[in-house]
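Reviewing the structure listed below.
Being a predicted model, the structure only gives us computed values, none of them experimental. When a residue number appears, it is its place in the shown sequence, counting from 1.
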Amino acid sequence: MVATSIYGTVLFLIGATLFASTFSGEYDQGELFPGEVSTVFVPRIFLVAWMLFSVLMIVERWASKSRFHWPAVDWPSLGIACALAALIGVAMLNVGFVLALVPGVFLFAWARGYRKLGVLAATSLLLPAAVWILFIDVFELALPRSPWFEAF
């Protein structure tokens with residue numbers, strides 16, 4: 001119970017720090033046209049959700065005293081998932097979104113125990129491409145680009 005509250009608090013503080021960093025001048029793209037949003041609009045939505053879920057983890061200690069019980073957490077598996085997510089995030093900054101996410105999706109699913117290589121390979125190629133198209137062409141938001149390829 002205490003570990004969950006501590007973990008929730010740490011996640012909330014990380015989320016709050018990332019949320020605060022989205023107001024940095026580094027993301028200021030000057031005067032936006034009416035109706036447009038900045039490139040940090042969607043990340044802010046996700047970070048607010050992150051912080052809300054973190055608060056739910058913090059109050060879990062009190063919720064466990066009632067009839068509702070949270071499922072047990074597989075901490076080693078969660079740690080591996082967090083480490084892979086951090087590694088993929090750093091890789092995105094250095095090699096671009098697509099080149100980081102293709103092996104990232106594969107490794108993440110493999111670490112979580114998924115072993116159907118055909119489906120895993122197809123998903124590892126198609127998912128990053130679909131997300132790229134969604135963000136670049138539909139939402140018109142920038143994603144990290146490869147330093148070696150102009151298209152992605």
Could you state the interatomic distance from [atom1] ([X]) to [atom2] ([Y]), rounded to the nearest 0.5 Å?
X: L47; Y: I14; atom1: CG; atom2: CD1; result: 11.5 Å
X: T17; Y: F12; atom1: OG1; atom2: CZ; result: 9.5 Å
X: W75; Y: C82; atom1: CH2; atom2: SG; result: 9.0 Å

Which atom pair, heavy atoms only, marks the closest approach of [X] to [Y]?
X: A111; Y: I80; result: CB-CG2, 3.9 Å
X: L117; Y: W110; result: CD2-CZ3, 3.4 Å
X: L101; Y: I88; result: CD1-CG2, 3.9 Å
X: F97; Y: V131; result: CZ-CG1, 3.4 Å
X: G8; Y: I58; result: C-CG1, 3.7 Å
X: W132; Y: P144; result: CZ3-O, 3.7 Å

Co-membership, hydrophobic cluster, residues [X] and [Y], 4.5 Å side-chain:
X: V105; Y: L93; value: no
X: I136; Y: L125; value: yes
X: L143; Y: I133; value: no
X: V102; Y: L127; value: yes
X: F46; Y: F108; value: no

Report task. State yes or no: are the ring centers of W50 and F19 separated by less than 6.0 Å? Result ->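 So the answer is no for these two rings.
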Requested in this report: Take W148 and V95 through the test side-chain contact (heavy atoms from CB on, under 4.5 Å) and record every step on the way to the result.
Outcome: CA-CA 8 Å; W148 306 294; V95 300; 3.6 Å; yes
Query raised in the report: Could you walk me through whether V98 and M92 pass the side-chain contact (heavy atoms from CB on, under 4.5 Å) check?
Result: CA-CA 8 Å; V98 174; M92 276 187 207; over 6 Å; no
Query raised in the report: Do the ring planes of F139 and F135 sit parallel (below 30°), tilted (30 to 60°) or perpendicular (above 60°)?
Result: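 Correct class here is perpendicular.
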Query - F23 atom CZ, neighbour heavy-atom count above 12 within 6.0 Å - result: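 It does: F23 CZ has more than 12 such atoms within range.
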Would you call [X] and [Y] a side-chain contact if the rule is heavy atoms closer than 4.5 Å?
X: Y114; Y: V119; value: yes
X: L18; Y: T22; value: no
X: F149; Y: L99; value: yes
X: M51; Y: L56; value: no

